[in-house]
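Notes for the one structure printed next.
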Amino acid sequence: MYLEITTKLRDALAKHIRVKYGVQLHIVLERPPKIELGEAASPVCFELAKRLKKAPRQIAQEIQNGLPAVPGITRLEVAGAGYLNAYFDRGVFWEAAWDEAARAIPQGLKPGEVVPTDVGPKGPTTKREAAAPAKTGKDRQKWLSHKIIVEHTSINPNKAAHIGHVRNAVLGDTMARTLRQAGRNVQVQNYIDNTGVQVADVVIGFLHMEKRTPVTVKTLAMEPRFDYYCWDLYAKATQFLAEDKEQATKLRGETLRAIEEGRGEEAEVGQVVADAVVSCHLQTMARLGIFYELLARESEILHSHFWDLAFAKLKDLGVIQFVRYGKMAGCWIMPWKEENSGINTAGTESAEGTETTEDENTQDKIIVRSNGTVTYVGKDIAYQLWKFGLLGKDFHYAKWPNTPEGEEVWATTSGANDPKAPPFGAAAKTVYNVIDARQAYLQDVVAQGLRGLGHAEAAENSIHLSYEIVALTPRCAAEMGYELTPEEAKKPYVEVSGRKGFGVKADDLIDQLEAAAHAEVQQRHADMSVEEQKRTAHAIAVGALRFFLLKFTRNAIIAFDFADALSFEGETGPYCQYAVVRIRGIRRKGAEAGTTRVAMAPETAQKLLAGGEGNGLWEVLLAAGSLDYAVDATIGAREPAFVAKYAFQLAQAFNNFYHKHHILSEADEQKHAFLLGLTELVETQLVRALHLMGIDAPEKM
RNA sequence: GCGCCUGUAGCUCAGAUGGAUAGAGCAUUAGCCUCCGGAGCUAAGGGUCGGGGGUUCGAACCCCUCCAGGCGCGCCA
């Protein structure tokens with residue numbers, strides 16, 4: 001609601017200023033520091049003052065008098081040195097907020113996912129008129145239908161998921177849910193690098209260290225938590241390979257090649273391992289409410305000759321060059337220039353593969369190795385082209401066999417195409433790649449490749465949703481039995497290492513959170529059935545973990561500590577969930593007591609929200625009505641942390657209100673009805689906000 | 001060496017697109033259960049926004065410079 005009104009205000013101001021002063025300006029709107037100063041303010045007159053050579057206050061005065069009425073806004077005032085402060089019509093806002101909440105279809109749900117039914121009542125008991133619907137029109141509809149791909153998780157399928165992977169998945173999942181909430185057409189994909197060195201190392205572990213056969217590996221892979229087994233084996237294999245560098249290079253090379261070409265025991269074991277571990281990851285993520293539409297596997301990028309096609313294009317357009325002499329002799333490289341506005345120099349000459357690059361530039365990125373194999377970047381360019389529908393080729397698809405209960409997931413396949421598969425190959429307009437910040441350079445190279453191929457728009461719409469790593473505090477690392485060097489002990493954090501097998505596994509952490517939450521629930525609700533206790537504890541655990549990973553902005557390094565992550569107090573998921581539980585408690589209690597709830601008179605809300613005495617209630621209502629604003633900011637800044645911030649602030653506003661007003665015992669019937677209505681509005685909005693983060697609020701906790 | 005990121009309260013972090021008296025949580029201290037659930041609420045203390053220049057009516061935010069820390073720059077991904 002807040003967004004709707006401020007958008008109208010912004011448009012009105014822009015139009016008025018254009019007409020009256022002949023100046024085209026971007027109108028900045030901000031939230032005033034205090035509620036007494038109104039709900040939205042613009043410093044635009046300061047900017048105008050410069051251009052018009054007039055005092056800002058005078059201009060503000062003129063605009064205040066001249067601006068036509070804006071729906072939802074009662075008045076404008078000039079404040080300070082020349083601010084224009086807008087005051088909302090609180091009664092209208094109340095009606096409109098209710099209307100918006102009531103017609104909100106819980107989006108961000110995947111097909112088959114159950115809509116939470118208990119999200120508040122039907123609406124206010126009075127209705128004036130529906131708020132002006134958001135701009136409809138064909139253009140908007142078309143824009144909304146544009147396909148967006150969100151690719152996240154993308155864990156190497158050779159070990160269990162750890163806390164850092166969970167951050168990736170939670171960010172991606174929340175972004176996807178938020179985009180869907182905004183009405184966008186989103187498809188979630190998970191990239192599976194099933195042919196890389198990481199899988200090869202585990203294959204070496206099975207075949208060379210443990211001397212297993214494909215059959216025994218297959219049996220082992222059916223055991224629960226096979227990913228944990230691989231976690232340890234991967235660490236052992238890394239150590240084993242580090243002992244003899246020469247042999248390691250040879251062994252890795254041979255294994256990798258066999259896997260890529262899909263031949264021999266290596267390929268067989270590689271596939272078994274990768275598929276089994278992916279299924280484990282799906283289970284882990286399902287515990288957190290994270291699902292995927294498509295698993296895009298690297299093996300199919302190779303087998304379907306995606307790369308060959310992209311390679312030809314890259315050569316034809318001279319985006320990559322063949323190196324004849326020097327360190328990189330025999331490689332195909334993409335030149336990396338300081339001003340890489342595009343690659344247009346010497347391109348055509350080198351297309352034949354006969355040109356040399358004279359000066360060795362270490363920044364140049366190798367795309368094809370001298371042995372003819374393609375690097376990750378090359379494959380990623382091909383893959384990215386496919387996402388935008390620019391490759392002219394599509395995968396075959398089949399249902400993934402081992403999905404979490406009740407879920408349907410598709411995967412690319414080298415086998416026959418299932419004609420019932422959704423149109424995954426449809427071109428996307430925007431692609432979000434959730435990848436950690438360390439890979440920024442590689443993502444730049446991929447984008448540069450797209451630009452070089454003449455797809456500047458695709459490069460522009462390839463969004464690297466980068467985020468910083470999750471590390472451990474030294475104390476936490478020590479607790480886990482990691483031996484710290486003196487330097488490490490002094491640092492604020494210690495990096496985890498999959499290769500060393502050092503890190504907090506996702507399932508272990510969720511288990512711990514569930515246990516801690518369960519103990520708490522047991523203590524508070526001894527009468528609750530064990531099953532319900534567990535369900536509740538699960539919701540709390542998920543709430544705590546997801547919120548914890550979301551409350552930091554993307555480029556903050558999270559120094560993980562069990563004490564922080566297991567906390568249920570303060571700025572946490574459970575705090576927000578608790579606010580919802582309180583509201584439901586009130587509603588339950590009210591229903592039990594059979595208190596009658598009278599219809600609200602049309603002027604009740606207006607009256608109770610008015611003036612200084614109404615400010616407390618108004619702030620709660622304003623917070624509840626600002627979800628659209630939070631969603632907009634989240635998408636605009638690509639910052640899922642904003643959702644967490646919003647949910648926390650709303651919960652906080654409610655808790656404050658809760659302690660000031662005793663709702664059920666309110667003697668004034670009209671006020672009672674209003675307080676109850678406000679409470680229910682908060683519930684609806686808070687539940688929606690939590691849902692964007694994949695957090696459910698239990699009935700009791 | 002080149003590129004990117006970070007530096008805000010004792011600690012962990014918000015302050016998107018430059019705006020009014022820089023905000024939360026944790027920790028500390030003092031209060032609040034005859035009343036809808038205390039995973040809560042109220043209040044207090046705590047800041048040279050790393051230092052220094054500059055641009056601007058206005059800078060935590062933009063520019064320059066220095067300092068400190070991190071990451072990337074591999075025929076790994």
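Residue numbers start from 1 in every chain, and the chains themselves are labelled A, B, ... in the order their sequence lines are given, proteins ahead of strands.
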[X] has a side chain; which of [options] sits nearest to it?
X       : options                : answer
E571(A) : G25(B), A16(B), G58(B) : G25(B)
E495(A) : A20(B), C71(B), A16(B) : C71(B)
R499(A) : A77(B), C41(B), C76(B) : C76(B)
R524(A) : C36(B), A77(B), G37(B) : G37(B)
I557(A) : G40(B), C36(B), G70(B) : G70(B)
Y493(A) : C36(B), C57(B), G70(B) : G70(B)
Q652(A) : A39(B), G25(B), G37(B) : G25(B)
N555(A) : U6(B), C41(B), A16(B)  : U6(B)
N656(A) : U21(B), C41(B), A20(B) : C41(B)
Y658(A) : C75(B), G37(B), G70(B) : G37(B)

Looking only at the side chains, is there a donor atom on one of [X] and [Y] sitting less than 3.5 Å from an acceptor on the other?
X       : Y       : answer
T536(A) : R524(A) : no
D201(A) : Y234(A) : no
Y575(A) : N655(A) : yes

*Does the pair E246(A)/K250(A) count as a salt bridge with the N-to-O cut at 4.0 Å?*
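No salt bridge links E246(A) with K250(A).
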Under 4.0 Å: is that the gap between some side-chain N or O of [X] and OP1 or OP2 of [N]?
X       : N      : value
K589(A) : G37(B) : yes
Y376(A) : A77(B) : no
K551(A) : A14(B) : no
R438(A) : C5(B)  : no

*If we require ring centres under 5.5 Å and near-parallel planes under 30°, does H662(A) stack on C36(B)?*
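Yes, the aromatic ring of H662(A) stacks with the base.
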Check every strand shown and say whether [X] touches a base, only sugar-phosphate, or nothing at a heavy-atom separation below 4.0 Å.
X       : answer
Y575(A) : sugar-phosphate
E30(A)  : base
A556(A) : sugar-phosphate
N85(A)  : base
S665(A) : nothing
I469(A) : nothing
H464(A) : nothing
T373(A) : nothing
K491(A) : sugar-phosphate
V581(A) : base
A41(A)  : base

*Parallel under 30°, tilted from 30 to 60°, perpendicular over 60°: which one fits the rings of F657(A) and H661(A)?*
tilted
*Where does C33(B) land, syn or anti, given syn is within 90° of 0?*
syn
*asked:* If you assign each of A440(A) and K645(A) to its closest nucleotide in RNA chain B, which residue comes earlier from the 5' end?
replied: A440(A)
Given atom [atom1] of [X] and atom [atom2] of [N], what is their separation to the nearest angstrom?
X       : N      : atom1 : atom2 : result
E468(A) : G69(B) : CD    : P     : 17 Å
Y467(A) : U6(B)  : OH    : P     : 17 Å
F552(A) : A14(B) : CZ    : P     : 8 Å
R582(A) : C35(B) : CZ    : C1'   : 13 Å

*Mind checking the CG-OH spacing from D632(A) to Y2(A)? Nearest 0.5 Å is all I need.*
12.0 Å
_In whole Å, measure the gap between the C1' atoms of C64(B) and A59(B) for me._
15 Å
*Distance between the C1' atoms of A27(B) and G45(B), in whole angstroms?*
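Approximately 13 Å lies between the C1' atom of A27(B) and that of G45(B).
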Could you identify the nucleotide paired to [N], looking across every strand shown and requiring Watson-Crick or G-U wobble geometry with both distances under 3.5 Å?
N      : value
C71(B) : G3(B)
A9(B)  : none
A20(B) : none
G40(B) : C32(B)

_Looking at K54(A), I want to see if its NZ is surrounded by more than 12 non-hydrogen atoms of other residues, nucleotides or ligands under 6.0 Å._
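Yes.
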*Got more than 12 heavy atoms from elsewhere within 6.0 Å of CD, Q239(A)?*
no
*Can you find a donor-acceptor N/O pair under 3.5 angstrom joining the side chain of D436(A) to the base of A77(B)?*
no
*Look at the side chain of K50(A) and the base of U56(B), then say whether one donor and one acceptor between them are separated by less than 3.5 Å.*
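Flag unset: no donor-acceptor pair detected.
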